[in-house]
Amino acid sequence: MGSEADGRVRLAGRTLSLAALRGHAADYATVFARAKAEVGHAQCLCRTPALRLVIRCSRAGRYHLAGWPGEGERHEADCAFHKLAPGLSGRDTYSTEAIRESDSGISIRFDAALARKLSEPEPAKASAEQREGRARRTVGLLGLLHWLWEESQLTAWHPRWRRRNWWICHSRLRQQVTGCSINQEDLGDAMYVVPPFRREASARNAAAFETFRARLGRQGDTERRGLILGEIKDVNPTQYGVRYTLAHQRGALFATAALDERIRRPYRPAFSQATAELEARRIGLFLVELSPKGYLTVVDMAAMLVSRLYIPADSTPATKSSWPTPSPTTAGPTSSPSDTTEPMRFFPISSSPTPSRPTT
């Protein structure tokens, strides 16, 4: 990524750059296969002795590495495989039914239907007691958004890191999505993470979005929905409700005025006027479906307030006070917390805010 630490791993006796393995996984397919068959795992070299890494292979035959279950907190703080302890991240509020991790990947039990029979009523949502209990059996939109940010290390800032932009966020999020399933669907297919705009990649990105869009809508007696994750650029009124415009993305998402009003109540910081004044950003995770006229309509959404470096904050004042500001003369932020060797963390997975329509 250029701005953040590039780790090294050992795979089948070879020491390789993690960035190379992630960026050119197909070129190392035989090395992955050999390591998986002969050793059973790879090794992260962020510490001595080296720590085990899981070797996973997607349904499409693409290999990738993941942290060994339960060992994420043992990695160095700036390692790509470092994870917070479950008690610090909020992960322990979910049962193993909600988020199940194994050698084959991560399975997420989402609380909303991504495919539903039109002849059947909308599935009942979890009660408040189920959502707030210590062992939630499903993950909602807000919980999924927090989990993605946490697992992608986007809740942290380390003194060595110089910058963070949407290109870095997108790369990390896409890497995290690899090998994950949601309601027994490949998360990479069910969720579209808006890519950073680049003129040379515009045709490829447009084709990827159309592939995602083609999965939605009515197919026989089944209504298929999808997830879109991106930065909210503007929210403007329309004749029938509101239009959400996402950064880096052509087109828009549409919602009724009633839905927009309901969403704004639990996510006031993300939709306040102060966000523009403080140069804060808003991240949205949208559950969408295709209207009969071909528009992408919002069924539900979760919003998260972040700083200009995409570090989450739970209020607009916090976005200003917690922003690490990159220094032109040092490798890390200039604010006082950056003088430490540990990363700054602002917003681990939590259960609040809790919208009237459950998203966690």
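Source: prediction; values computed, not measured. For the numbers below, each heavy atom of this structure counts, side chains included, while hydrogens, waters and symmetry mates do not.
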Taking side-chain contact (heavy atoms from CB on, under 4.5 Å) as the definition, give me every residue that meets it alongside Ala50, ordered by chain and number, with sequence neighbours left out. Arg10, Gln43, Leu45
Can you list every salt bridge (charged side-chain N to carboxylate O under 4.0 Å, His left out) pair that touches residues 37-49, not counting sequence neighbours? Arg34-Glu38, Arg47-Glu76
Residue pairs meeting ring pair (Phe, Tyr, Trp, His ring centres under 6.0 Å), one or both in residues 172-191, sequence neighbours left out, come to none
With a 3.5 Å cut-off and sequence neighbours excluded, list the donor-acceptor pairs that the side chains of residues 189-211 form with protein atoms.
| unit_1 | atom_1 | unit_2 | atom_2 | d |
| --- | --- | --- | --- | --- |
| Ser202 | OG | Arg199 | O | 2.9 |
| Asn205 | ND2 | Ala201 | O | 3.4 |
| Thr211 | OG1 | Ala207 | O | 3.0 |

Taking ring-ring contact (aromatic ring centres under 6.0 Å, His included) as the definition, give me every residue that meets it alongside Phe32, ordered by chain and number, with sequence neighbours left out. Tyr63
Under 4.0 Å between a side-chain nitrogen and a carboxylate oxygen: does that hold for Lys83 and Glu151? yes
Salt bridge (Lys or Arg N to Asp or Glu O under 4.0 Å) involving Arg213 - partner list, sequence neighbours excluded: none
With sequence neighbours left out, write down each residue that passes salt bridge (Lys or Arg N to Asp or Glu O under 4.0 Å) with Glu185, or none if nothing qualifies. Arg215, Arg224
Pairs touching residues 242-253 that satisfy side chain to side chain donor-acceptor pair (under 3.5 Å), sequence neighbours left out: Tyr244-Asp260
Taking transitive links into account, so neighbours of neighbours count too, which hydrophobic residues share a cluster with Tyr295 at under 4.5 Å side-chain distance? Phe254
For Arg52, enumerate each residue passing the side chain to side chain donor-acceptor pair (under 3.5 Å) test, keeping only those at least two apart in sequence or located in another chain. Glu71
List in chain and number order the residues that pass salt bridge (Lys or Arg N to Asp or Glu O under 4.0 Å) with Arg62, two or more places apart in sequence or in another chain; answer none if no residue qualifies. none
Applying salt bridge (Lys or Arg N to Asp or Glu O under 4.0 Å), name anything that partners Asp221, two or more places apart in sequence or on another chain. Lys117
